[in-house]
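Following: one structure in structure tokens, then a few remarks.
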Protein chains: 2
Amino acid sequence: MNRTALSPKEMAEAIGVSESSLKRWADGGLIRVARTAGGHRRISLPEAVRFVREQGIPIVRPELLGLPEVSSLQLELQRAGSETDRLYDFLTTGRSKEARGVVTSAYLRGTSAAQLADDIIAPAMARVGDLWRHDPAGIFVEHRATDIMIQAVNQLRLLIEPPANAPEAVGGAPAGDPYVLPSLLVATVLTAEGYHAVNLGANCPTDSLLQAAQQHKARLAWISISGVTLEPFLARDMVDFSGKLAAMGTRLIIGGRTRPVLPAGSDRHIQTGVTMAELAAFARGLLAADDARQQAS
Amino acid sequence: MNRTALSPKEMAEAIGVSESSLKRWADGGLIRVARTAGGHRRISLPEAVRFVREQGIPIVRPELLGLPEVSSLQLELQRAGSETDRLYDFLTTGRSKEARGVVTSAYLRGTSAAQLADDIIAPAMARVGDLWRHDPAGIFVEHRATDIMIQAVNQLRLLIEPPANAPEAVGGAPAGDPYVLPSLLVATVLTAEGYHAVNLGANCPTDSLLQAAQQHKARLAWISISGVTLEPFLARDMVDFSGKLAAMGTRLIIGGRTRPVLPAGSDRHIQTGVTMAELAAFARGLLAADDARQQAS
DNA sequence: GGTAAAATCGATCAAATCGTTCAATTCCTG
DNA sequence: CAGGAATTGAACGATTTGATCGATTTTACC
């Protein structure tokens, strides 16, 4: 079941080390622990996840971390094929638990959220999307797979905790674009990069996005384009839009399957990308620049 | 429910410790408690806040402490509506963590998934949906709220596990209907009722639904209508559709904001409902009938 | 006002965790 | 390979925690 906090013993058993070592690591500051009034250590799940990822520690008993789907996945003895193949297999056969396991365990093993999206999830979903061309049952399988994927990414999102003073990021899919998953992935990637991501989801007018950015004093805004093409007139809208955002200190990044073509010379305040890795890199760069500026002052 | 005073049980749940520990801390002077005439402990909200701050104890379920900025010293004890009010507040102000807390804690306290949907989530989302009429920022708030709600329901869904041999249920929103949340709620309610629910999400053609029902040998199929109205010709489609489903042992239930009007005399294999409670009742009835038949044989 | 259900009381007890010490193991370096 | 440093895991008594109990108080409802 879903734990809110772990005791040293639980986490020690989960990763297969002694309780003593875990306590020593906690006392040495390697693991951030809260304390009960009586002095007992309590470890939050996102903190445990952060630690095992950074240290590259294999998880022996995932169910102790509240992640039973990871353990059930281990029962599927190393099947042949890449992670994408396995994910595709689980998605098309409706095995949601195993699909969640693929995503979660890949992240726990150290795969970055962006890599996960680019190299595992996107290819699998692309293959799922091709199904309906050949298979009459493709549409239902695609719908089911999408739902499963949304579940999996939402679960992943809960395992990541941005720092307390994280800058805000706001975004969504443009008006007329009904796809939920891509924007959800962006929100997850940005959370992993240390932002507090506010996802406005599918079909979100730019006006609404602008207001959200204002209210949240967002450092970064994203638009995730999947279901519509960025028409030239829309591209001009975007340039105008990004100008308004820039005026209040918010940088805009636009992404999608294909790199949007913007009017020449308009790439001053507007960034485009087709992969989550690009998005993550840009977001990281923005943070680094802000940090440098703060240190200088 | 903004309480002026907390019971030991409430505060214990809020910070994720046992009631015993809290009472011991109170008796040891760590927490200043008032006593009722009968000797029960009462902890003031400021005292609770002071304690968790001093001890650095993470607050697991902040909604139980009532939020300071809600400020209004409403003495009203927990009514059915108060939870909706809090949820609405969290949804409109973008506090996703707290919103998830309302949903999860309500479920953990014993509220059924159907009740949660009908009495807490639906009213809150309806109020959110009214926002755009009066507030220019309404659209963005609505999008943000929807995303938060989807997260919360997905999290709830992960907390519920159907029995191993659960019958399958398949459904989604009809073609042209872009709303994700209602069908997700149906899937969650059915999971809580003991079904293995396969959600095909928004904008799902009936053909795909039929194929999914076939492949899964579904006992139950649902169509959740939100964004489109059930036109008469579509209604006739539905009767035809439900006939095909019935032929393979799948019962159909159609739901939405308004009760769909079906051609007279067609209600043999088709069920309609406007509340999740109706849906849950029908699903339960189906299960009970099956069980009785199995026992008889 | 009266009654039944729910919550809380105070107390007890087993299990978990505390901080510390120490021996065994691993790692590093000359 | 020898030997010192660092890491690990086990053990210890003292303390903390969480579950449980029958008795009492509070709350909800009529």
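We use all heavy atoms of the structure for the numbers below, so side chains are in, but hydrogens, waters and symmetry mates are not. Throughout, a chain's letter reflects where its sequence line sits, starting with A, and its residues are numbered from 1.
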Taken to the nearest whole Å, CD/B:Glu10 to P/C:dT8 is 7 Å
Check: Does C:dC18 have OP1 or OP2 sitting under 4.0 Å from an N or O in the side chain of A:Arg41?
Finding: yes
Please determine if a side-chain N or O atom of B:Thr36 lies less than 4.0 Å away from the OP1 or OP2 oxygen of D:dT26. yes
Here the distance between atom P of D:dG9 and atom CD of A:Glu13, to the nearest Å, is 13 Å
Between NZ of A:Lys9 and C1' of D:dT16 the distance, given in whole Å, is 15 Å
Evaluate the salt bridge (Lys or Arg N to Asp or Glu O under 4.0 Å) criterion for residues A:Glu83 and A:Arg109: first the C-alpha distance (whole Å), next the side-chain angles of each, then the deciding distance (0.1 Å), finally the verdict.
-> CA-CA 12 Å; A:Glu83 219 137 21; A:Arg109 227 177 308 123; 3.1 Å; yes
Atom CG of A:Leu22 and atom C1' of C:dA16 are separated, to the nearest Å, by 15 Å
Here the distance between atom C1' of C:dG10 and atom CH2 of B:Trp25, to the nearest Å, is 18 Å
Considering only heavy side-chain atoms of B:Lys23, the closest of D:dT8, C:dC9, C:dT17 is C:dC9
#### Entry: No-hydrogen, no-angle side-chain donor-acceptor test under 3.5 Å, B:Thr188 and B:Thr191
no
The nucleotide from D:dT26, D:dG18, D:dA10 with an atom nearest the side chain of B:Val17 is D:dG18
Out of C:dT17, D:dT17, C:dA7, minimum distance to the side chain of B:Ser21 belongs to D:dT17
Original post:
Relative to B:Tyr195, does B:Arg219 satisfy both conditions: NZ or CZ under 6.0 angstrom from the six-membered ring centre, and within 45 degrees of the ring's axis?
Top reply: no
A:Ile57 atom CD1 is separated from D:dT7 atom P, nearest whole Å, by 14 Å
Donor on one side chain, acceptor on other, A:Arg100 and A:Gln151, under 3.5 Å:
yes
Exercise. Would A:Phe51 and A:Met11 satisfy side-chain contact (heavy atoms from CB on, under 4.5 Å), going step by step from the backbone distance to the final call?
Worked result: CA-CA 11 Å; A:Phe51 179 76; A:Met11 181 170 169; 3.7 Å; yes
When rounded to the nearest 0.5 Å, the distance separating OG1 of B:Thr146 from CG of B:Leu91 is 8.5 Å
Which of D:dA10, D:dT25, C:dG10 is nearest the side chain of A:Ser20? It is D:dA10
Separation of C:dT8 atom P from B:Leu6 atom CG, nearest Å, is 11 Å
Taking five pairs at each terminus, the helix from C:dG1-D:dC30 to C:dG30-D:dC1 shows an axis bend, to 10°, of 60°
Separation of D:dT16 atom P from A:His40 atom NE2, nearest Å, is 7 Å
So what does A:Arg24 touch, heavy atoms closer than 4.0 Å: a base, only the sugar-phosphate, or nothing? base
*Does NZ or CZ of A:Arg95 lie under 6.0 Å from the centre of the six-membered ring of A:Phe90, at an angle within 45° of the ring axis?*
no
- Examine the base of D:dA10 for any acceptor or donor lying under 3.5 Å from a partner atom in the side chain of A:Ser18, and report the outcome as yes or no. no
Of the candidates C:dG19, C:dT17, D:dG18, the side chain of A:Arg35 sits closest to C:dG19
